[in-house]
Every structure is written in C-alpha cells, then in structure tokens.
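Taking it in order: structure first as structure tokens, then the write-up.
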Amino acid sequence: MLSRLFDRLLGLPEATTPDIELARDLPVPMPDGVVLRADRYRPRGSEPLPAVLVRTPYGKHKLDARATARVLARRGMQVVVQDVRGTFGSGGRFSAFHQERDDGLATAAWLRAQPWCDGRLAMAGASYLGFTQWAVGPYLDPPLEAMCLGVTASEFRTTFYPGGVFALHNLLTWASIIGTQEEAPLGGLLPAPRRDRRVRRAMAHVPIGRSDVAAIGKRVPFLREAAAHTGAGDPFWTDTDHSAAAVKMTTPTSMVTGWWDLLLPAQLRDYAALRGAGRRSRILIGPWGHDLGVLRALLAEEVSWLSAHLLGDTAQLQRAPVRLYLQRAGRWLDFDTWPPPQSAPTALYLLPYGRLGWSAPGEAAPGGFTYDPARPTRSVGGPLLDGREAKQRDNRAVEARPDVLVHTGAPLQRDLDLIGPVSATVYVRTDTGHADLFVRLCDVDASGVSRNVTDGILRLPPGNDGVVEAEVELQPTGYRFLRGHRLRVQVAGGAFPRFARNHGTGEAVGEAVRTRPTRFEVFQDATRPSSLTLPVFGGL
C-alpha cells in the first residue's frame with residue numbers, strides 16, 4: 001500500500017509486478033581481493049533477467065537508492081544496488097572518483113556471470129551515482145543496454161573549479177557529508193543541524209586545505225586532494241575524466257538535470273558531444289537544483305528509458321530529444337537540439353552611470369572598485385548543494401556593497417525569454433595581477449527586488465598588469481523576464497563563500513593565508529565594450 005501511495009505521489013505508471021524479493025549483502029569480489037557488498041531487488045521468480053546496476057557511496061540503505069530499486073523492480077526489472085569501495089558494507093579505502101572504473105567493470109563482469117542475470121546490463125543513478133555510470137559505460141564490452149544519468153557529468157573537475165576557481169561551498173559541504181555519514185545516527189539518514197552550522201563557519205577557515213578539520217574535526221582526503229590539484233592539466237584528474245571516451249560510446253543515454261544544478265554546464269557538454277557524434281540521447285531540464293526536487297522526474301525517466309531498452313516497451317521513446325522548463329513562464333518546451341536554433345546570441349552592454357543597453361557604448365571612463373579578501377564580497381543563492389541556500393535569492397544587500405559594480409537596464413516593454421548558454425566579455429585591469437572576476441545576471445521586479453538568474457566566475461591570468469579581455473562562462477538558463485521587469489548585472493571580485501576568496505598574493509589556493517586588496521578597473525567604452533551575450537529566444 002505504501003508503495004502504491006509513493007507511486008501516485010511521484011506520478012509513476014502502475015506497477016506490473018508488485019511482488020518483489022530482496023537479497024541483502026551479496027559479496028562481489030574485486031580482482032585485488034576486496035569484497036564489495038550489494039543488495040538485489042527483483043520480481044519474485046527464478047528466471048534470468050537483465051540487471052540494472054546502481055553504485056553509490058552514500059549507502060545502499062538510503063532512501064533514494066531503495067526507492068529507485070523498488071520502483072524499477074515493481075515494473076519487472078532486476079536491480080543491484082552496491083556500496084562502492086570503502087563505504088558502509090564494502091571493503092577497501094574510498095578514493096573519490098579514482099576507483100570507479102576498475103571496480104565498476106569488475107562488478108559488471110561478476111553480474112554477467114551470475115545465473116540470475118541474462119547478460120544484459122544497464123545503469124542508473126544521480127550525482128556521484130551518475131559518475132559511476134560514466135566510469136563504466138564507455139569501456140564495457142559488450143556495452144550497457146542503457147544509462148540513466150541524473151544531475152551528473154562525465155568529469156567533475158570543471159565543476160570543482162569553475163573558471164579555475166575553487167568551489168568552496170559545494171566542495172566543503174560534500175566533503176563533510178562524506179566524512180561523517182557512516183558515524184552519523186542511522187547512517188546519515190537524519191538531519192545534522194549542528195554539523196551544518198560548523199561546516200558553514202569553517203568556510204572562512206584558512207588555509208582551505210585544512211578546513212576539513214575545522215568543519216568536522218578530522219581529515220577528509222578528498223578535500224585536501226582537490227585543494228592541492230588546481231590545474232586543468234594536473235595528472236591527478238586524468239583518470240577521473242571520461243569525457244573523451246564518452247563520445248565513442250554507443251549506449252543509449254537519458255539525462256535529467258535542472259537549471260539550478262551545479263553540474264548543469266558539464267552535463268550539457270556531455271549531451272551536446274553525444275548528439276554531435278550521432279549517439280542516441282535525450283535530456284530533460286527542469287526548475288530543480290541538486291536536491292530531492294529532481295527525484296520525481298528522474299524516477300519517471302528511469303522507468304520510461306529502462307522499460308524501453310530492457311523490456312521492449314517503446315511507447316515513451318517518441319519524446320523530443322530536448323525538453324526544458326521555461327522558468328517564470330510555467331511552460332515546458334520541446335526542441336530537437338541544444339541550444340534551440342530559435343535562440344539568437346545577443347549582446348547586452350555595460351554602459352556608463354550604471355546602465356545596461358542593447359547598443360554598444362561610446363566613450364566612457366571605466367568603473368572601479370576594490371576587492372578586499374579580508375572582507376570578501378558575499379554571494380547569495382545559485383547552484384549550491386545545500387538546498388536551504390540555493391537557487392534564487394534577494395540580492396539587494398549584496399548590490400549595496402561598495403565592492404560590487406551594478407548596471408541596470410530600463411523596464412522591459414514585453415516579456416524577454418532567454419534559452420541557452422550565457423557568457424560575458426569583460427575588459428578589466430587589476431593592480432595586483434592576482435584576481436577573480438564574478439559576473440551575475442539578475443531579474444529586478446516592479447517592487448525593486450533583485451533575484452539572481454545566472455552567474456559565472458573566472459580566475460584572471462596571473463601576473464598580468466594590463467587590460468585583460470576576460471571571457472566568463474555563466475550557467476546556461478531557460479528564463480522569462482516579465483514585462484516591466486529590468487535586467488541587472490553585477491560585477492565583483494568574488495562570491496564568498498560559494499567560491500574561495502582570491503587572496504591577491506598568488507599563493508596556492510589550499511595554503512594561502514595572507515591577504516592583499518586588489519583594485520579593479522572595468523572598461524565600458526567603444527574600444528573595450530564589456531558585455532553579456534544572452535540567448536534571446538525568438539529575437540528582441
């Protein structure tokens with residue numbers, strides 16, 4: 001009865017095989033002798049079935065893993081949920097992102113050798129569970145029958161270091177969860193407000209490389225490794241990046257993500273690469289973040305996609321490859337490609353006296369501000385792991401600070417829809433040569449409340465004392481600015497604690513302690529026209 005109620009709440013189709021059986025803690029041996037543990041859910045019976053593999057670092061007993069397994073098993077599928085190496089019941093040491101290829105391939109080989117598996121395999125799961133799919137899918141032979149990828153990507157480094165800047169809030173939040181989940185009451189199933197407050201305070205700790213002890217009282221290897229390996233070409237990240245191999249994969253893939261998910265840019269790159277290579281793939285982008293809000297859509301997509309590729313129920317395969325939700329319009333839209341061809345890249349210029357306009361500026365003096373890492377520019381909202389602080393927030397307190405440049409447009413004469421990638425080109429000069437540039441687009445309503453829509457950050461080339469043409473990638477968006485609202489752009493030298501502060505000294509991010517203020521000049525004239533490039537849907 002509870003399962004049927006759960007199905008109705010999530011809008012799932014009626015179960016076809018409600019009688020399921022569960023086998024707990026199956027031992028899965030790895031080539032090095034370590035044993036991983038897995039639970040198997042399946043419709044009651046003895047005939048061989050295909051297997052859907054779910055690999056998780058968060059505990060196979062957790063609600064999301066159990067819900068996925070039961071939902072699929074009650075619809076005729078066999079599901080194996082495994083604790084990855086070094087977590088909960090599985091042996092060995094957890095080394096985040098580095099162990100999933102070898103262990104995943106060994107698990108797939110073991111599954112295919114079992115008498116209750118017919119040899120066909122698929123995978124499902126979100127976030128890190130999605131990464132474990134990318135660590136297997138491109139390398140498995142015979143290939144997976146299907147993959148269901150929720151709020152995830154084939155590589156995480158660009159999400160840990162967007163624009164080359166350490167994503168402090170999300171990294172310390174995740175490291176603290178991983179570092180405490182097995183000693184927490186009921187295996188981390190209950191909220192931990194005291195821990196969360198301590199983690200929030202630890203975001204101000206220096207050096208960052210030792211903020212794990214300040215947050216949870218012990219070392220977390222992942223955080224220290226991430227803080228020590230900052231470069232895009234650092235060999236530390238090589239075996240965690242599956243993006244190049246992904247485009248060679250033939251497995252049909254389904255993706256679910258949200259406009260407020262921190263992995264959205266990387267996941268859209270994966271989708272575009274697969275479609276560009278002619279692979280079978282589709283994507284659903286909703287008004288969600290990296291939270292339980294995406295669960296309903298993900299479970300429905302897993303039922304649809306896996307039923308089609310494992311059970312032959314192809315009724316749901318007629319959907320358009322791209323389905324997205326247009327925020328503030330309350331509408332779902334279907335497209336054949338991403339970005340939609342109807343979206344035209346359109347320049348929005350920073351103008352003198354704090355204005356914005358669609359026409360390029362003439363001669364004007366640069367704007368300026370001083371960024372002091374000892375009193376870093378704050379940030380509110382955005383794509384955060386902590387749902388209590390994520391998504392849209394009132395930005396007026398941030399915009400009142402003297403270290404934030406604010407440019408505001410005239411009230412819109414009609415609705416303005418943006419669907420697609422967003423970027424900024426900002427001509428900037430600093431006096432230290434060690435600085436970050438944060439750009440945010442906001443929606444100002446008729447009462448003056450300014451809400452963030454999308455943003456991005458970039459670490460400027462170090463040691464440069466001249467004018468830099470900074471190209472900043474902002475989060476893609478699907479958003480309607482309503483008639484009478486105004487567009488607003490913020491330009492700042494940081495966004496703390498979402499991103500680690502730039503100390504202005506050139507010291508390594510994990511070890512920096514000293515601070516030095518940085519003076520910024522932002523140019524907005526005819527020869528150096530700072531602007532945003534917006535994906536205007538249907539034209540101005």
Side-chain angles (χ1 to χ4, degrees), residues 157-172 203-204 206-209 211 226-227 229-232 262 265 350 366-384 395 398-399 401-406 422-441 452 454-475 489-523 530 532:
R157 194 207 66 82
T158 56
T159 301
F160 297 155
Y161 279 93
V165 182
F166 189 78
L168 173 62
H169 196 297
N170 286 331
L171 282 166
L172 188 57
M203 292 176 186
V206 292
I208 284 175
S211 59
H229 298 280
T230 61
L262 66 158
L350 275 60
F369 61 90
T370 298
Y371 173 79
D372 186 353
R375 291 176 289 276
T377 313
R378 311 296 294 187
S379 174
V380 295
L384 297 172
N395 279 244
V398 173
E399 293 165 353
R401 293 177 58 113
D403 55 359
V404 180
L405 286 184
V406 177
V422 183
S423 62
T425 301
V426 179
Y427 292 88
V428 60
R429 180 165 57 203
T430 68
D431 64 352
T432 64
H434 298 288
D436 299 336
L437 188 70
F438 178 73
V439 180
R440 169 170 275 186
L441 176 66
N452 51 296
T454 179
D455 54 51
I457 196 166
L458 178 71
R459 176 138 298 182
L460 300 178
N464 194 318
D465 58 1
V467 177
V468 174
E469 183 180 353
E471 300 287 347
V472 185
E473 179 188 354
L474 281 67
Q475 188 99 341
V489 174
Q490 302 172 18
V491 180
F496 182 82
R498 182 169 154 204
F499 301 108
R501 67 192 101 184
N502 192 313
H503 284 238
T505 63
E507 295 174 274
V509 64
E511 300 299 326
V513 175
R514 296 184 301 110
T515 62
R516 179 184 175 187
T518 296
R519 181 66 185 171
F520 283 74
E521 290 180 283
V522 177
F523 295 86
S530 296
L532 271 68

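Since we're looking at a predicted model, the values are computed, not measured. These numbers come from the heavy atoms of this one structure, side chains and all, not from hydrogens, waters or symmetry mates. Count residues from 1 along the sequence.
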Rounded to the nearest 0.5 Å, what's the gap from OG1 on Thr230 to CZ on Arg459? Could you check?
8.5 Å
Contact between Leu384 and Asn170 at the side-chain level, heavy atoms closer than 4.5 Å - yes or no?
yes
To the nearest 0.5 Å, what is the distance between CD on Glu471 and CG on Leu458?
9.0 Å
About how many Å separate CG of Leu474 and CG of Leu532, when rounded to the nearest 0.5 Å?
6.0 Å
Given Val404 and Val398, is the side chain to side chain contact (heavy atoms under 4.5 Å, CB included) satisfied, shown in steps?
CA-CA 7 Å; Val404 180; Val398 173; 4.2 Å; yes
Thr430 and Thr518: side chain donor to acceptor below 3.5 Å
no
For residues Pro373 and Arg516, determine if any side-chain heavy atom of one lies less than 4.5 Å from a side-chain heavy atom of the other.
no
Please name the pair of heavy atoms, one in Val468 and one in Pro461, separated by the smallest distance, quoted to 0.1 Å.
CG1-CD, 3.9 Å
Can you tell if the side chain of Met203 reaches within under 4.5 Å of the side chain of His169, non-hydrogen atoms only?
yes
Quick one: which of Asn395, Val489, Thr454 gives a side chain to side chain contact (heavy atoms under 4.5 Å, CB included) with Arg440?
Asn395
Short side-chain donor-acceptor distance under 3.5 Å, Ser423 and Glu473:
no
What pair of heavy atoms forms the shortest contact from Arg501 to Ala204, and how long is it?
NH2-O, 3.2 Å
Please tell me if the side chains of Asn502 and His434 come closer than 4.5 Å, counting only heavy atoms from C-beta onward.
yes
So which heavy atom on Ala512 is nearest to which on Val206, and how close?
O-CB, 3.9 Å
Do Val467 and Phe523 touch side chain to side chain, with heavy atoms closer than 4.5 Å?
yes
Walk me through whether Gln475 and Asn452 qualify under side chain to side chain contact (heavy atoms under 4.5 Å, CB included).
CA-CA 11 Å; Gln475 188 99 341; Asn452 51 296; over 6 Å; no
Do the two ring centres, one from Phe166 and one from Phe499, sit under 6.0 Å apart?
no
Flag yes if more than 12 heavy atoms outside Arg519 fall under 6.0 Å of its CZ atom; otherwise flag no.
yes
Test your reading of the model: is there a side-chain donor-acceptor pair from Tyr371 to the backbone of Leu437, 3.5 Å cut-off?
no
How close do Ala167 and Thr159 get, counting heavy atoms only, and between which atoms?
CB-O, 3.8 Å
What pair of heavy atoms forms the shortest contact from Thr515 to Ala374, and how long is it?
OG1-CB, 4.0 Å
Would you indicate whether the side-chain heavy atoms of Arg514 and His503 approach each other to under 4.5 Å?
no
Straight-line distance of Asp431 CG to Asp465 CG, nearest 0.5 Å
10.0 Å
Closest heavy-atom pair and its distance - Val522, Leu350:
CG1-CD2, 4.3 Å
So do Arg157 and His229 actually touch side chain to side chain, heavy atoms under 4.5 Å?
no
Side-chain heavy atoms of Val509 within contact of Tyr161, under 4.5 Å:
yes
